[in-house]
Amino acid sequence: MSDKQESLLKLAELFKILGDPTRLKIVELLLENEMCVNHIAETMGMGQSAISHQLRVLRQARLVTYRKEGKTAYYSLNDDHVEGLVRMGMEHVSHQ
């Protein structure tokens with residue numbers, strides 16, 4: 001498989017991960033500031049275990065990262081590329 005084909009497959013996987021409305025909403029929340037699982041779950045009206053599962057998927061895709069403070073993990077977007085990707089996507093779908 002060529003490097004270009006491999007890159008396209010990785011990009012397709014990235015879009016598949018971001019294609020889930022719950023994961024996209026989590027990313028949208030994290031655009032504003034870092035949050036802990038409990039706060040994300042409360043904001044979205046979902047259970048903590050469901051949010052933890054989605055965060056695991058986002059973490060494995062290197063879209064989010066976390067830091068521990070005691071027993072609490074605070075999640076944030078991994079880097080500016082993630083923010084740019086989501087913001088550009090929002091601009092695209094909002095464009096008339």
Side-chain angles (χ1 to χ4, degrees):
M1 181 181 305
S2 74
D3 288 345
K4 184 170 183 163
Q5 286 174 313
E6 189 172 329
S7 292
L8 286 173
L9 287 174
K10 287 180 181 179
L11 183 59
E13 184 63 28
L14 173 68
F15 283 136
K16 189 186 320 180
I17 290 166
L18 287 174
D20 178 86
T22 300
R23 289 192 288 265
L24 201 51
K25 178 64 178 169
I26 291 169
V27 169
E28 181 186 42
L29 288 172
L30 295 177
L31 283 171
E32 303 306 317
N33 57 334
E34 69 176 8
M35 297 175 78
C36 66
V37 175
N38 291 336
H39 193 210
I40 295 169
E42 183 180 302
T43 301
M44 293 181 62
M46 294 179 67
Q48 182 178 343
S49 62
I51 295 300
S52 291
H53 171 74
Q54 298 301 340
L55 284 166
R56 191 174 316 110
V57 172
L58 292 169
R59 212 173 51 241
Q60 289 171 343
R62 299 177 324 169
L63 294 170
V64 300
T65 189
Y66 71 98
R67 66 175 180 86
K68 287 274 218 175
E69 196 170 289
K71 291 186 176 185
T72 305
Y74 291 90
Y75 287 84
S76 59
L77 297 181
N78 195 23
D79 58 32
D80 292 340
H81 294 110
V82 178
E83 180 178 349
L85 181 64
V86 173
R87 290 196 189 281
M88 287 175 67
M90 292 299 286
E91 286 176 21
H92 179 74
V93 299
S94 298
H95 187 270
Q96 296 293 333

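- Taking 4.5 Å as the limit, every side-chain heavy atom of Thr65 sits out of range of all side-chain heavy atoms of Leu77.
- Residues Thr72 and Cys36 approach most closely at CG2-CB, 3.6 Å, considering heavy atoms.
- Tyr74 and Leu30 fall into different hydrophobic clusters, where Ile, Leu, Val, Met, Phe, Trp and Tyr side chains are chained together by heavy-atom contacts under 4.5 Å.
- In this structure, Arg59 and Arg56 have side chains that are in contact, with non-hydrogen atoms separated by less than 4.5 Å.
- Considering CG of Leu55 and OG1 of Thr22, their distance stands at 11.0 Å, rounded to 0.5 Å.
- Interatomic distance, CD of Gln48 versus NE2 of His39, reported as 13.5 Å (0.5 Å rounding).
- The side-chain heavy atoms of Met44 and Ile26, taken from C-beta on, include a pair separated by under 4.5 Å.
- From Glu6, atom CD reaches atom CG of Leu11 across 13.0 Å, with rounding to the nearest 0.5 Å.
- Note that the CD1 atom of Ile40 and the CD atom of Glu34 stand 10.0 Å from one another [nearest 0.5 Å].
- The same ILVMFWY cluster, assembled from side-chain heavy atoms under 4.5 Å apart, contains both Leu31 and Val57.
- Phe15 is listed as a side-chain neighbour of Leu85, based on a closest heavy-atom distance under 4.5 Å.
- A salt bridge links Lys25 with Glu28; the closest basic N to acidic carboxylate O contact falls under 4.0 Å.
- Taking the side chain as every heavy atom from C-beta outward, Leu14 and Leu63 approach each other to under 4.5 Å.
- Side-chain atoms of Met35 and Thr43, non-hydrogen and from C-beta on, do get closer than 4.5 Å to each other.
- Residues Tyr75 and Arg67 have side chains that never bring a donor and an acceptor to within less than 3.5 angstrom of each other.
- Within the model, atoms OG of Ser52 and CG of Asn38 stand 8.0 Å from one another, a figure rounded to the nearest 0.5 Å.
- Contact check for Leu9 versus Glu13: no side-chain heavy atoms found under the 4.5 Å cut-off.
- Taking both residues in full, the closest heavy atoms of Arg23 and Gln54 are given as NH1-OE1, 2.8 Å, listed atom of the first, atom of the second, then distance.
- Taking CG from Asp80 and CZ from Arg87, the interatomic distance works out to 10.5 Å, rounded to the nearest 0.5 Å.
- Side chain of Asp79 to backbone of Val82: a donor-acceptor contact under 3.5 angstrom is found.
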